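Input: a single structure, listed below in structure tokens.
For the single chain, residues carry numbers from 1 onward in sequence order. Just so it is clear, the structure is predicted and the values come from calculations on it, not from any experiment. One-based numbering, in listed order, for ligands and for the atoms of each.
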Amino acid sequence: MNIIKLHDLYFKPYINKAKLDIIVNHLAKQVKADLPKDEVPIFVGILNGCFLFAADFIRAYKGNCEISFVKLASYEGTSSSEKIKNLVGINEDLTGRTVIILEDIIDTGATLQEIYNIFKYKNVKQLKVATLFFKPDVFKKELPIDYIGHSIEDKFIVGYGLDYDGLGRNYPEIYQLTQQPKMKNIVLFGPPGAGKGTQAEFLKDMYNLVHISTGDVFRFNIKNETELGLLAKKYMDEGDLVPDKVTINMLKAEVEKNADANGFIFDGFPRTESQAEALDAFLADKGEQINAMVALEVPENTLVTRLLERGKTSGRTDDTDETKIRNRFNEYNTKTAILKEYFESQDKYYGINGVGSIEDITKRISEVFDKL
Ligand code: AMP
């Protein structure tokens, strides 16, 4: 999950689909447990916000039931207004029925008040209210709410049926209002030997960014014989990837060390899909995001020559043995190359011709950076 932009505002991931499923299933179970065995309730969903919640709720409800919808809007923009519009929709005779209102969110309680007023005259057997979300800090009424899925703080949310000025309803998860992202975060991408490290050294100064090379951090740890270094060494020596969990935790620690940064150049990370997902989630949690993946595209044979050449002076053991170099390419092609699609699908992939002089390539990359 990533930061999303709807109209002029930014929203960060807040509640994922798995958690929503748990909340909705639990609500459906509770409602069922409180009803007499043969009771056929009629669920009344309050549109528009409840449509996804209601759809999931009735599928989780194990028993016969009916469903109907009414429309009654109370939101304008991001602040709840006290003005309530008219009710449209109920045609059924509700006399003697058990009616259970399905609300996506209850905040001030103004809509809820209106619902109680309307259903007072319908001669129902009983009226109950189930809400997916509840904002306890702003609820001003003395009205019963029978079932609450999840209490949340008083911040505007969208997704899973809820909108901001018409947009956002189609996202399967819940997002929360956040500030505009402040950082510029770039993934510098490419196979081993593509020149990521060399380019990052120039770009970090040009754009005042912090350069994190996971390979460098591992090598630093190996040199200093830390626990992490000892662990990483056996993978690196073979040209294998270090396990994701180790690498992800290390990367997070490096980012946390530079909390005031304008942004980061990630070099050599992410290298697997699960690293990419972890990075997205980690940044989104801070209200930040990856702006672009800038990929240096260089043919493999050129790279092997480059690496063997570099191995003569770099002191890197993984640069001297062609078999190990080939294994690094194999790791790249099987686990890392797919990240092109991952970032392409987010419209964030920028391929750069990585063959040429260092200055020319820096220029090509900076043209992309300047556009972001
Ligand atoms: P590099 O300096 O980027 O070429 O990385 C050298 C070696 O460090 C790789 O061959 C891996 O063994 C390890 N490594 C660096 N970054 C990662 C990563 N993101 N995930 C797993 N292993 C990594």
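- The side chain to side chain donor-acceptor pair (under 3.5 Å) contacts involving residues 21-33 comprise Lys17-Asp21, where partners must be two or more places apart or lie in separate chains.
- The salt bridge (charged side-chain N to carboxylate O under 4.0 Å, His left out) analysis of residues 353-372, with sequence neighbours excluded, yields no pairs.
- Applying the side-chain contact (heavy atoms from CB on, under 4.5 Å) test to Ala54 and every residue at least two apart in sequence or in another chain returns Cys50, Ile67, Phe69, Leu102.
- Transitive grouping of hydrophobic side chains (ILVMFWY, heavy atoms separated by less than 4.5 Å) keeps Ile186 and Phe343 in distinct clusters.
- For ligand 1, the protein residues placed under 4.0 Å by at least one non-hydrogen atom are Thr214, Gly215, Phe218, Arg219, Met236, Asp240, Leu241, Val242, Thr247, Gly268, Phe269, Arg271, Gln275, Arg316, Asp318, Arg328.
- In this structure, Leu296 is not a member of the same hydrophobic cluster as Leu307, with clusters built from ILVMFWY side-chain heavy atoms closer than 4.5 Å.
- The environment of CD1 in Ile358 is sparse: at most 12 heavy-atom neighbours from other residues, nucleotides or ligands sit within 6.0 Å.
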